[in-house]
2 protein chains.
Amino acid sequence: MTAAEKHQVSRTAANPPAGSRLNGRAGIRDVAAAAGVSITTVSDALNGKGRLPDATRSHVRAVAERLGYRPSAAARTLRTGKSGLIGLTVTTYGEEPFTFTEFAYFAEMARAATSAALARGYALVILPATSRHSAFDIWSNVALDGTVVIDPSDHDPVVTELVRSGIPVVSDGRPAGSLPVTAWVDNDHEAAVRGLLDHLAESGARRIGLLTGTSTDTYTRLSTSAYLDWCERVGQDPVVEAYPAHDPCAGAVAADRLLARPDRPDAVYGLFDPNGTDLLAAARRYGMRVPDDLLLVCCSESTVYASTEPPITTLSLKPGRIGNTVIQLLIDAIEGTGSGRPVEQVMPTDLIVRTSSQRRPVRTTVSAPRPLPPE
Amino acid sequence: MTAAEKHQVSRTAANPPAGSRLNGRAGIRDVAAAAGVSITTVSDALNGKGRLPDATRSHVRAVAERLGYRPSAAARTLRTGKSGLIGLTVTTYGEEPFTFTEFAYFAEMARAATSAALARGYALVILPATSRHSAFDIWSNVALDGTVVIDPSDHDPVVTELVRSGIPVVSDGRPAGSLPVTAWVDNDHEAAVRGLLDHLAESGARRIGLLTGTSTDTYTRLSTSAYLDWCERVGQDPVVEAYPAHDPCAGAVAADRLLARPDRPDAVYGLFDPNGTDLLAAARRYGMRVPDDLLLVCCSESTVYASTEPPITTLSLKPGRIGNTVIQLLIDAIEGTGSGRPVEQVMPTDLIVRTSSQRRPVRTTVSAPRPLPPE
DNA sequence: ATGAAAGCGCTAACAT
DNA sequence: ATGTTAGCGCTTTCAT
C-alpha cells in the first residue's frame, strides 16, 4: 500500500461512523461525514469563505454545532502562519514580573491593550522580558504574530531576534540605542516635565526639588534632564535625590532625605507613583503643610491621589491611550494595513491639577477638589 | 508521480542548499541537511530525547544555532497536543476587561500567576470571560492546555465547554451553582469578616456599618451574610449601604449615605478597594475624626493605605498567594501530577492593622504606623 | 545509533 | 457549487 493509498483510506468516511474519534472530540472530517459534504465545504462554511449556498452553510453549521465541533487552533496556526497571539513583555526584577513603581501604569496599559487586541480578534500572551537565560525557551514555545515591548532595554536580544525573524515589534517607550523596532509610542516626557515645573513656578515655587530614580531607562533619563534644563533656564540650583525605584521601601527614605537637605525645596516633583504618599508622609514628619509650605506633584495613574489629604496633583501618562495605540500600530503591521499611520507616535500627557500644587484658591476646570471641612 | 514519491523528493537534501527556505527562516530540515543528519536526530538532539552521542548532540545544536533555527511552536503544538498556554479570564464590564474595584486584586493575582506559570514553562493568555457573543471566537482560536477563571459566574458556558472538551479549569473563587471546575481556590471570606468585626468591637465599636455591593458574586454574598450573622450574634442592628461596585463613582456616594444615616455607625467595614479613601473623605465632610469618632477597615490590596492620614487598616485577600496556588493546581492537573493536592483550597486572609481601627495606643506587631508629628 | 515515514487537523490551490 | 489533494513543520513509532 502506498502512502497515498493509506492516506485515502484513513480519510474516507468509511471509518467509525463519526463522533467516535480517538481524541474524543469531533474533527472537521467527522463534521464533513455527518453533514454529507467534503471537509473543504465544512471549512468554507464555518469560515465564511467560498461561495456556498446559504442552505449548505447553515446546514454544516448546525451539524458542527450538534457535534460540538471546535476547530483546532494549532492546526489552523500551522497552516495559515497566523496565531492571533500577541506577546506582551513585562520587565522582570529578579523572579517577579513588573516593578513596584510601574505597577499601576502597567496594569492600566495592559488593560487597554488587552481590550484593543480582543476587539480586533487577537489575544495577549504575557511573556517575560529577557532574563539571564531560560526565558528564551518560552519565547520560542509560543507562536506569535507580533509583540509589544514595554520599556525596551538597550540591545534587547529578544527584540532583535524577533525582528530578525520577521515578527513585528512595537514598543511602549522609545527604544534606546539602535534597537530595530517596527514602531514605537511614547509620551513627550520632556514637555510634560517643563509644563509641570512651569505650573509649580506659577503657583509660587521658588526652589523645586526632584525625586528621581537611579536607573537609566528613557523615562527617568528624559525627565531628569528636562528638569535640569529647566533649572538652568530659570537659574535655579537643582535639588535632586535619586533612589533605586524598583525598591518598594527606598522611596520613603529618599523623600525624607530630600526634605532634610539644607537647601530644602518648597516644591517637589516625584517621578514615580508612590512618591506622592511618600512625600506627603515626609512633609508631615517635618511639620510642613501641603500646599502652604510645600507644593507637590507626582507622576501617577492612581486615583487615590484624588482623595488624599490634601488631594495631590498628578501627571498622568495616559497609559490606556498608549496601550491602545501600541496595539493598533502592531496589528496594522501584522496585517500589512498600516501604511497610513506614522511609526513613531508621541502622545500627550495630562496634568491633573489638585490642591497640592496650588497656593491660591482653586479655579481649575480639571478635577476640582471637594471643599474641605472648616478647620 | 505518487504522493509518496513527491513527498520523498521534497524532503531530500537535494533541494536549495539550506538556509534558503521560502519562509526565510530555517526549518528543521535545513538544520538536518546542514548537519548531515536526519530530522529525527535534530529533533532528538534539540529536545534532549533519544540516546545520541554527545558529539552528535552538540554538533547539531551548534548548526541549529548558526542557522538561527527556531522550532515552530505551531507544529509542535499540533503534533504533541500541548501548547504551553494557559488562559486567564477576566470579567468584562461592557467593553472593558477588569472591573474598577477588582483592579488591584486582579493585577497582583495576575502577576503572581504569570510568575508561577513562567517558572513551570507555561505562559498566560489574557482572555475575556463570556460576553454576549463573539467572545467565543477568540476562545476557539487559541490552543489552551488549561484555564484559570477568576470569579466564575453561575453556569458560565465557556467553563462548561472547556471542561467538556477535557481542558482543566481552575477557578479563583469557589464556583457558584454546579459549575464543574477541576479545582478551586478561595479565601475564607466568612472567617475574615468575623475576625475583623471582632477586632473592631474590641477597639470599642458599638455599631459597625457595612459598605457592600449590589452584585451577587460569591465574595459579596459571603461577606455580607457573615456580617449579618455576626450582627445577629452580638445583637447589633445591621447598618448596611449597598452600591453597584463596578461604578467608579458610586462608592463615594454610598459612603456618604452611610455616614448620613440617623443610625450613624461608629465603625465601618468597606468591602471594596476604594472604600477606604471614600470613607475617609466622607468622614472629613461630616467632621468625624478617624479613629476617634469612626473606626475604619476596608478590603484592599493597595499599599496607599499605609500612608493615608491616618493609615487605614486593611483586609488583604493575599491575591499573590491565590494566583500562585491556582497555577500550581492547574499545571498539576494538566500534567497529571496533581493527585497529591486537594482540589478545593481555602486560603487565609491577612488583617493589616493600622491606626484607623484602633482607639488605644498602637501595640500590634503588624505594620506599625510611623509616629505622627506633634500637632 | 540513526533514519524513514506517518500524520497531528486544518486551509488553499486546483480540479471537476 | 463542491471535492481532491498537498502540504504547514514538527514528533514519534518503527525499521534498520
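Owing to the predicted nature of the structure, the values given are computational and were not obtained by experimental measurement.
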Next item on the list: Can you tell me the distance, in whole Å, between the CG atom of A:D44 and the P atom of C:dG9?
Entry: 20 Å
Check: Out of A:L118, A:I327, A:T147, which one pairs with A:L124 under the side chain to side chain contact (heavy atoms under 4.5 Å, CB included) rule?
Finding: A:I327
Margin query: I need the CZ-C1' distance between B:R29 and D:dT11, as an integer number of Å.
Written below: 13 Å
Note to self: Any side-chain N or O of B:T56 below 4.0 angstrom from OP1/OP2 of C:dT2?
What the structure shows: yes
Checklist line | Test item: side-chain donor near acceptor, B:Q328 and B:D332, under 3.5 Å | finding: no
Next item on the list: May I have the distance from B:L46 (atom CG) to D:dT11 (atom P), rounded to whole angstrom?
Entry: 8 Å
Next item on the list: Take atom CD1 of B:I39 and atom P of C:dA6, then tell me their distance rounded to the nearest Å.
Entry: 12 Å
Item checked: Closest nucleotide among D:dT4, C:dT2, D:dC10 to the A:S38 side chain -> D:dT4
Check: CG of A:N47 versus C1' of C:dC10: gap in Å, rounded?
Finding: 10 Å
Note to self: Tell me whether the side-chain N/O atoms of A:S43 come closer than 4.0 Å to OP1 or OP2 in C:dT11.
What the structure shows: yes
Notebook entry, point to check: What's the closest nucleotide to the A:T40 side chain, out of C:dT11, C:dG3, C:dA12?
Noted result: C:dA12
Check: Do any N or O atoms from the side chain of B:N47 and from the backbone of B:D44 form a donor-acceptor pair under 3.5 angstrom?
Finding: no
Note to self: Quick check against the 3.5 Å criterion: does B:W184 have a side-chain atom that pairs as donor or acceptor with the backbone of B:V169?
What the structure shows: no
Margin query: Can you measure A:I28 atom CD1 to C:dT11 atom C1' for me and round it to whole angstrom units?
Written below: 8 Å
Notebook entry, point to check: Is the side chain of B:T41 donor-acceptor paired with the backbone N or O of B:V37 at a distance under 3.5 Å, no angle test?
Noted result: no
Note to self: If you take any heavy atom closer than 4.0 Å to DNA chain D, which residues from residues 77-87 of chain B end up in contact?
What the structure shows: B:R79, B:T80
Next item on the list: Give a yes/no answer on whether the side chain of A:S72 brings an N or O atom under 4.0 Å of OP1 or OP2 in C:dC8.
Entry: no
Checklist line | OP1 or OP2 of D:dT11 under 4.0 Å from side-chain N/O of B:R76 | finding: yes
Item checked: Pairwise 5' ranking along DNA chain C for B:V37 and A:Y69, keeping only the more 5' one -> B:V37
Margin query: Using a 3.5 Å distance criterion without hydrogens, assess whether the side chain of B:S115 forms a donor-acceptor pair with backbone atoms of B:R111.
Written below: no
Item checked: Sugar-phosphate, base or nothing in reach of A:T41, heavy atoms under 4.0 Å -> sugar-phosphate
Item checked: A:D145 side-chain N/O to A:S83 backbone N/O, donor-acceptor pair under 3.5 Å -> yes
